Number of protein chains: 2
Amino acid sequence: MKGKATSFDIAHYAGVSQSTVSRALRNSHLVNEETRKRVFDIAKKLNYKVDKNASNLRTQQSSTLALLLFEDPTSDESQINPFFLAMLGSITRACAKEGYDLLVSFQSASADWQADYEDSHRADGIILLGYGDYIDYQPKFNTLLEQNTKFVCWGATVDNRPDLTVCCDNYGGGKLAAEHFIAHSRTDCAFIGDASDHSPEFFSRFQGFKDELLANNVKINERKMANAISTEESGYHATRSLIANNIKFNALFAASDLIAIGAIRALKEANINVPKDVAVVGFDNIAIASYVNPPLTTIEQNTTVAGQMLVENLLKLIRGEEVQSTLLAPILIPRRSS
Amino acid sequence: MKGKATSFDIAHYAGVSQSTVSRALRNSHLVNEETRKRVFDIAKKLNYKVDKNASNLRTQQSSTLALLLFEDPTSDESQINPFFLAMLGSITRACAKEGYDLLVSFQSASADWQADYEDSHRADGIILLGYGDYIDYQPKFNTLLEQNTKFVCWGATVDNRPDLTVCCDNYGGGKLAAEHFIAHSRTDCAFIGDASDHSPEFFSRFQGFKDELLANNVKINERKMANAISTEESGYHATRSLIANNIKFNALFAASDLIAIGAIRALKEANINVPKDVAVVGFDNIAIASYVNPPLTTIEQNTTVAGQMLVENLLKLIRGEEVQSTLLAPILIPRRSS
DNA sequence: TAAATTCATGACACCGGTGTCATAATGTCA
DNA sequence: TGACATTATGACACCGGTGTCATGAATTTA
């Protein structure tokens, strides 16, 4: 045998037509049991595998999903946000379970990514994953919708299409953090993240946090808030600036674990004890969170379930079934940092 | 327009043949500049994308690499080993840089994975990634070789084909750890990992460690060794069993960071101070390592370079170029655990 | 026993590109 | 000006499957 075996080779050896081979291999009931067995045996012997390109071309589908990972433009090449890495893992697993392959691709938010994968028939649908300034994406979402591209996204909401989003109940998560502080009588709260609506996820977390505090007659002082993106560095610097401005607080809610870890570093450097002087709560429950010193109290987003939901919903869209918006319940994981 | 635009549609609007459209879009010099421009404009307007399935089918290649991730069968669904997650990130980046897509797939070591992706023309080559009992894989490697499948692998060596492997100089890394202990006069050493040759990487690390100690007239006591696979749990239990058997040591080399982290937990529980009573050194330098308490001294494997090398070498193989075996130099990252 | 139904299979167009060969038009050189 | 090279394009087979329609044999029904 020179190249790879094709269905014609099998047909030749089995003494049947290529059509029959194709049918046999796909377990069509239209083929005689005996013939099927002969075809299978020969296929196995020749190490035959269906050519996906030919098959996909004909059927106009690919059994493949594409995952586009948007990174904070700031986070240079060094490290990928561990939360997304965890999501990637669970999405990969969920795809495998459904018999789909997963194409992974990093994207910068600005690039001309919309529908590339789906238009070129490399994937049946797209999963969008990333923090970041999703508002800029809306026009791209619209392009995707216009072209009838199947996609779901994590976190960001698509105008008029809540069903395309899977996300954690960030508002509820923020409330959990506030409840926790109040239960421990830590009412002089600081917040680090982005309280503007640039980053809708951080914004919701802050809103929930603020509202729950207000419900308990605690007001958060605007001076006790600092902006940060989701990196350890950013959290560190934001916290340092609060300290440098001599701003006092006994509780700190960080919009993500990485920010919280940076914050703890800054607090330690300033000889502020965590949790004695300041209780810290993060968000995400990344793997690192339980290993830092002190172990970080955080609001968990269940990445396993999240990945599954994204894949399941996307497959439903592809199959033309109805999908509902999915809000995942966050859980408070108390550890020693608070 | 009903469905997606094809090159025939463009040909129609541009008033040329479909052949010319195809040539124009691929920047063939055989096509007139003016015609090319017209074709490009129309393609843009129609939101045309080359159908990858058709193109791949004809050219018999896919511009895609497949990454097969083998997991320790023991590590249940919960978490993926962070070291491999980091590798996955760097491989994804390296692929993007080379204009290749990446298909990611989890595999159990036992499954019938060989060549699935390449045979079915979904990928031009395969990257194999995983710790684990690579010895069992040799027959599968042979199958791959026989079928002339292009692949590279991390860590494991393929008989007679050193060029297919990219790995860290595990032996040299083990020596670094030993040097470090000797420099700090910690010569009563324990080792946790797998000192048998089931896991060739762990084995090499241990060999380097042992040989360097011997070169300094230090002998490692067999009783001070315990087996573990690369999980925190496993490291924890292995260390506990040493402690339970009342075995004393003042230095501990763990074959991976996860093991080291588990070991530190066990030591702490037994009121053994790290690094005062026992100095601990790990291997990998995963992200968590710098956050644990105390921060973990470890032997770094540069995942960014590793990912790049894997991709570059695989592409060379695919292009039929010559490839040499690649040993990456490990670096000792001293932190407070030693 | 003729007609209808079921079963198993083959022939063939088709998916949407790419590569080869043929062809026409224009330019170049002896 | 005839021979030859160059440039731009079209026609067409082909990649390896899948889906439809036609066909013939075996079986059931009227």
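Here is how names work: the chains are called A, B, and so on, in the same order as the sequence lines, proteins then strands, and each is numbered from 1. In this text, all values refer to a predicted model and were calculated from it rather than measured experimentally.
Contact check, A/Ser17 against C/dG10: a side-chain N or O comes under 4.0 Å of OP1 or OP2. Residue A/Thr20 places none of its side-chain N or O atoms closer than 4.0 Å to OP1 or OP2 of C/dT9. Remark: A/Ser19 is not in phosphate contact with C/dT9, judged by side-chain N or O atoms under 4.0 Å from OP1 or OP2. Contact annotation: B/Thr35 side-chain N/O to D/dT9 OP1/OP2 distance is under 4.0 Å.
Side chain of B/Ser55 to backbone of B/Asp51: no donor-acceptor contact under 3.5 angstrom is found.
Closest approach of B/Glu322 to B/Lys316, counting heavy atoms only: O-CD, 3.7 Å. Listed here is the closest heavy atom pair of A/Met309 and A/Thr326: CE-CG2, 3.4 Å.
Side-chain atoms of A/Asp124 and A/Ser62 form a donor-acceptor pair, as typed in the model, at a separation below 3.5 Å. Side-chain contact, A/Arg23 with A/Ser19: no donor N or O sits under 3.5 Å from an acceptor N or O.
Residue B/Asn27 places its CG atom among more than 12 non-hydrogen atoms of other residues, nucleotides or ligands, all under 6.0 Å distant.
Taking the side chain of B/Arg23 as heavy atoms from C-beta on, and the options D/dG16, C/dG10, D/dT9, the nearest nucleotide is D/dT9. The side chain of A/Val31 sits closest to C/dT9 out of C/dT9, D/dG17, D/dC15. Looking at the side chain of B/Leu57, the nearest of the listed nucleotides D/dG10, D/dG17, C/dG16 is C/dG16. Among C/dG19, C/dA8, D/dT9, the nucleotide with an atom closest to any side-chain atom of B/Arg26 is C/dG19. Taking every side-chain heavy atom of B/Val50 into account, C/dG17 is the closest of D/dG10, D/dT18, C/dG17.
Within 3.5 Å, no donor on the side chain of B/Thr6 pairs with an acceptor on the base of C/dC15, nor the reverse.
Spacing between atom CG of A/Asp9 and atom C1' of D/dG17 amounts to 13 Å, rounded to whole angstrom units. Rounded to whole Å, the distance from OH on A/Tyr48 to P on D/dG17 is 3 Å. Per the geometry, CG belonging to B/Leu30 stands 16 Å off P belonging to C/dA22, to the nearest Å. Here D/dG17 presents its P atom at 8 Å from NE2 of B/His121, a figure rounded to the nearest Å. At whole-Å resolution of the value, CG in A/Asn53 and C1' in C/dT18 are 13 Å apart. When the C1' atom of D/dG17 is taken as reference, atom CG of A/Leu25 falls 11 Å away, rounded to whole Å. The CZ-P distance, from B/Arg36 to D/dA8, rounds to 10 Å in whole Å. A straight line from CG of A/Asn32 to P of C/dG10 spans 11 Å, rounded to a whole angstrom.
Taking the charged nitrogens against the carboxylate oxygens, A/Glu34 and A/Lys37 have no contact shorter than 4.0 Å, which rules out a salt bridge.
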ask   = Passes side chain to side chain donor-acceptor pair (under 3.5 Å), B/Gln147 versus A/Asn47? Steps please.
value = CA-CA 9 Å; B/Gln147 298 178 216; A/Asn47 221 299; 3.2 Å; yes
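Taking the six-membered ring for Trp and thresholds of 30 and 60 degrees, A/Phe151 and A/Phe141 have nearly parallel ring planes, at less than 30 degrees apart.
Residues A/Ser22 and B/Gly15 each lie close to DNA chain D; by heavy-atom proximity, the contact nearer the 5' end of the strand is made by B/Gly15.
Heavy-atom distances under 4.0 Å link DNA chain D to A/Arg58, A/Thr59 of residues 58-66 of chain A, given in residue order.
Taking CZ of B/Arg122 as the reference point, atom OG1 of B/Thr64 lies at 10.5 Å (rounded to 0.5 Å).
Comparing the end axes of the helix from C/dT1-D/dA30 to C/dA30-D/dT1, each fitted to five base pairs by superposing C1' atoms of four pairs onto the next four, gives an inter-axis angle of 40° (nearest 10 degrees).
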